[in-house]
Amino acid sequence: MRVVIADDAVLLREGLVRLLTERGHEVVAAVGDGDALVGAVVAHRPDVSIVDVRMPPSHTDEGLRAAVEARRLVSRTPVLVLSQYVEVSYADDLLATTGGAGGGVGYLLKDRVADIDEFLDSLARVAAGGTVLDPEVVGQLLVRRRRDDPLRELTPREREVLALMAEGHSNTAIAKALVVTDGAVEKHVRNIFTKLGLPPDTAQHRRVLAVLAYLRG
């Protein structure tokens, strides 16, 4: 893969460069601020970008806003955002950029980088157009349900399936995790789409819309 890295922490940035290079990927740009990220994405059109949420000058959400801008300028450009802490609103903002255009997005805690194989697997899924959410983000969603929760019609099993979808797992991976058949998972997914009122469309688009409904529930 051709990768852009944006992180103002030099050690982490250079560590990611070395990791990806050793695994056969090409890092086309490694930058330390949001403006440079946008410029690199426009110039290089990478297969995926890895972006820190908090970058100069205020170290709040510059990285996230730059990622959103990059996706506006380069439609469908895949972005994997890294954050030190769980910020559900940041994940919500990032997923909102998918709209109907698709394009992979991911939101992971930086701790996940320590598990190299898991991190690279998540990166590959985002590059391929998938949606990956950190399990900690998914867990926090369970405590912020509103009374008008759009997911209230889902069964407990359907909620489990949707939670695993939010983490970026395929139907086959979900079946393995829940120890059920692929056909059972496909049935649950169809029920989820129906209960959430998602119109017929490509499978990936409806999966993203379902994850958005889950995130905002």
Side-chain angles (χ1 to χ4, degrees), residues 48 50-51 53 64 67-68 71 78-83 85-113 115 118-146 148-180 182 184-199 201-217:
V48 64
I50 302 171
V51 184
V53 166
L64 176 74
V68 171
R71 285 175 63 82
V79 173
L80 174 61
V81 167
L82 298 179
S83 179
Y85 310 102
V86 175
E87 298 280 3
V88 173
S89 62
Y90 289 167
D92 194 1
D93 290 344
L94 184 65
L95 279 171
T97 67
T98 58
V105 294
Y107 182 101
L108 292 179
L109 294 182
K110 288 187 175 181
D111 289 348
R112 303 298 172 192
V113 180
D115 188 331
E118 179 183 344
F119 170 69
L120 291 177
D121 178 67
S122 296
L123 187 65
R125 280 188 277 158
V126 171
T131 302
V132 177
L133 285 180
D134 194 286
E136 290 293 326
V137 175
V138 174
Q140 288 209 12
L141 298 176
L142 299 176
V143 300
R144 46 187 306 265
R145 298 301 181 202
R146 302 187 309 260
D148 58 342
D149 182 0
L151 311 180
R152 63 187 179 278
E153 298 299 326
L154 301 186
T155 66
R157 177 61 87 181
E158 288 164 356
R159 287 174 180 256
E160 286 182 304
V161 170
L162 184 51
L164 290 168
M165 284 172 57
E167 292 178 18
H169 297 292
S170 66
N171 284 3
T172 298
I174 293 172
K176 183 177 180 180
L178 298 180
V179 195
V180 297
D182 286 3
V185 173
E186 291 173 3
K187 180 178 179 181
H188 289 313
V189 171
R190 287 196 300 269
N191 288 342
I192 290 168
F193 291 160
T194 299
K195 291 180 179 180
L196 294 181
L198 301 180
D201 204 334
T202 64
Q204 180 60 39
H205 183 206
R206 287 207 289 178
R207 288 176 86 90
V208 171
L209 292 175
V211 169
L212 277 170
Y214 182 75
L215 189 66
R216 292 168 174 168

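One-based numbering along the sequence shown.
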If you measure from [atom1] on [X] to [atom2] on [Y], what distance do you get to the nearest 0.5 Å?
| X | Y | atom1 | atom2 | value |
| --- | --- | --- | --- | --- |
| L164 | L133 | CG | CG | 12.0 Å |
| E160 | L154 | CD | CG | 12.0 Å |
| H188 | L178 | NE2 | CG | 7.5 Å |
| N191 | E153 | CG | CD | 12.0 Å |
| L162 | F193 | CG | CZ | 9.0 Å |
| T194 | E158 | OG1 | CD | 9.5 Å |

Would you name the heavy atoms of [X] and [Y] that are closest together and state the gap between them?
| X | Y | value |
| --- | --- | --- |
| S83 | V53 | CB-CG2, 3.9 Å |
| R71 | P78 | NH1-CA, 4.2 Å |
| R125 | G168 | NH1-O, 2.7 Å |
| L80 | V48 | N-CG2, 4.5 Å |

Among L82, V81, L109, side chain to side chain contact (heavy atoms under 4.5 Å, CB included) partner for D134: L109
side-chain contact (heavy atoms from CB on, under 4.5 Å) partners of [X], counting only residues at least two apart:
| X | result |
| --- | --- |
| A175 | V180, D182, V185 |
| K176 | none |
| A173 | H169, S170 |

V161/K187 under side chain to side chain contact (heavy atoms under 4.5 Å, CB included): CA gap, chis, key distance, verdict: CA-CA 11 Å; V161 170; K187 180 178 179 181; over 6 Å; no
